[in-house]
Amino acid sequence: MKVLFVCIHNKRRSIMAEAFGNKYGLNAYSAGLEKTDVVDEKVIEVLNEKNLNAKQKPQTINEVVREVGNFDVVVTMGCLGACPFVPAKKHIAWNIEDPADKDIEFYRMVRDEIEGKVNELANNLK
């Protein structure tokens, strides 16, 4: 089951979702609408607290689709209509607040929210 998690920059929410997706047995990928060069350091920190690694290089939606092909499920992470349509059998929208410019506790709260949603998604897809 190939699942693509999408947010605007692929540097925070979608990165966390990809890490948890792979932890919970999904063939998970992440991508962003806009090009960025680095994963947010606080994301790396809060994932390390859960013994998970963040992917090292953010990717755009076009890059991931070219590399991977079609997806079974696409989950948007709070793009509020900004994310383009990516062909998939199923589309899901999660309204998760971007932790940018917030303190580390807020990042942890978002991480835990994402983990719960990804775990539930993985269980529902099995």
Side-chain angles (χ1 to χ4, degrees):
M1 182 72 57
K2 290 191 293 185
V3 179
L4 176 63
F5 296 98
V6 179
C7 65
I8 300 294
H9 295 106
N10 192 221
K11 65 191 293 181
R12 285 181 281 278
R13 294 166 292 178
S14 57
I15 296 285
M16 288 189 243
E18 178 183 8
F20 284 115
N22 287 316
K23 173 184 176 178
Y24 290 113
L26 300 173
N27 191 5
Y29 299 86
S30 66
L33 177 62
E34 299 174 6
K35 184 74 172 162
T36 191
D37 294 325
V38 296
V39 174
D40 186 316
E41 289 183 19
K42 289 181 184 174
V43 168
I44 294 169
E45 181 179 342
V46 299
L47 285 176
N48 283 341
E49 291 172 358
K50 294 277 190 167
N51 296 315
L52 295 173
N53 295 316
K55 77 177 185 180
Q56 297 302 305
K57 183 169 177 9
Q59 293 178 287
T60 65
I61 293 168
N62 290 337
E63 290 170 334
V64 173
V65 169
R66 267 195 312 273
E67 179 183 312
V68 178
N70 295 330
F71 289 90
D72 298 296
V73 179
V74 173
V75 179
T76 56
M77 309 291 295
C79 305
L80 301 176
C83 291
F85 178 78
V86 177
K89 295 175 187 170
K90 183 174 186 167
H91 290 84
I92 300 169
W94 292 342
N95 190 19
I96 298 174
E97 188 174 348
D98 188 349
D101 302 320
K102 303 279 196 310
D103 65 20
I104 194 69
E105 288 305 317
F106 194 85
Y107 275 76
R108 288 181 182 120
M109 184 183 76
V110 169
R111 174 202 63 199
D112 294 345
E113 178 183 2
I114 290 170
E115 180 177 18
K117 286 182 172 289
V118 171
N119 186 19
E120 182 179 345
L121 175 66
N123 287 329
N124 289 336
L125 293 175
K126 291 180 182 176

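- Counting only heavy atoms from C-beta outward, the side chains of Trp94 and Val118 approach each other to under 4.5 Å.
- Linking Ile, Leu, Val, Met, Phe, Trp and Tyr whenever their side-chain heavy atoms come within less than 4.5 Å puts Phe20 and Leu125 in one cluster.
- Taking each heavy atom of Val73 and Met1 in turn, the nearest pair found is CG2-SD, 4.2 Å.
- Ser30 and Ser14 make their closest contact through CB-O, 3.3 Å (heavy atoms, listed as atom of the first residue, atom of the second, distance).
- Contact of the Ile15 side chain with the Leu47 side chain is registered, since non-hydrogen atoms from C-beta on lie closer than 4.5 Å.
- Atom CG in Asp112 sits 13.5 Å away from atom NZ in Lys117 (nearest 0.5 Å).
- One distance of note links NE2 of His91 with CZ of Phe71; it measures 11.0 Å at 0.5 Å rounding.
- Rounding to the nearest 0.5 angstrom, the gap separating the CD1 atom in Ile61 from the CD atom in Glu34 is 10.0 Å.
- Between the Gln56 side chain and the Ala54 main chain, a donor and an acceptor come within less than 3.5 Å of each other.
- Shown here for Pro58 and Lys35, the closest heavy-atom pair between the two residues is O-NZ, 4.3 Å.
- Grouping the Ile, Leu, Val, Met, Phe, Trp and Tyr side chains by contacts below 4.5 angstrom, directly or via other members, places Ile104 with Ile96.
- Here NZ of Lys57 is found 9.5 Å from OG1 of Thr36. Values are rounded to the nearest 0.5 Å.
- A salt bridge is defined here as a Lys NZ or Arg NE, NH1 or NH2 lying under 4.0 Å from an Asp or Glu carboxylate O, and Lys11 with Asp40 fails to meet this definition.
- Crowding of Asp72 atom CG: a count of heavy atoms from other residues, nucleotides or ligands under 6.0 Å exceeding 12.
- Ile114 CD1 to Glu18 CD: the interatomic distance, rounded to the nearest 0.5 Å, is 12.0 Å.
- A salt bridge links Glu105 with Arg108: the distance from a Lys NZ or Arg NE/NH1/NH2 to an Asp or Glu carboxylate oxygen falls below 4.0 Å.
- At a threshold of 4.5 Å between non-hydrogen side-chain atoms, the residues Val3 and Val74 do not count as touching.
- Using modelled atom types, one side-chain atom of Lys42 and one backbone atom of Lys102 make a donor-acceptor pair closer than 3.5 Å.
- For the residue pair Asn10 and Gln59, the shortest heavy atom distance occurs at OD1-N, 2.8 Å.
- Within 6.0 Å of NZ in Lys50 there are more than 12 heavy atoms belonging to other residues, nucleotides or ligands.
- From Thr76, atom OG1 reaches atom CG of Leu4 across 10.0 Å, with rounding to the nearest 0.5 Å.
- Side chains of Tyr107 and Arg12 form a contact here, defined as non-hydrogen atoms less than 4.5 Å apart.
- No donor-acceptor pair under 3.5 Å is formed between the side chain of Asn119 and the backbone N or O of Glu115.
- When all heavy atoms of Asp98 and Phe106 are compared, the pair lying nearest together is O-CE2, 4.3 Å.
- Under the 3.5 Å distance criterion, the side-chain polar atoms of Lys2 are left unmatched by any main-chain donor or acceptor of Gly69.
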Which is it for Arg13 and Phe5 under the side-chain contact (heavy atoms from CB on, under 4.5 Å) test, yes or no, and what are the steps along the way? CA-CA 8 Å; Arg13 294 166 292 178; Phe5 296 98; over 6 Å; no
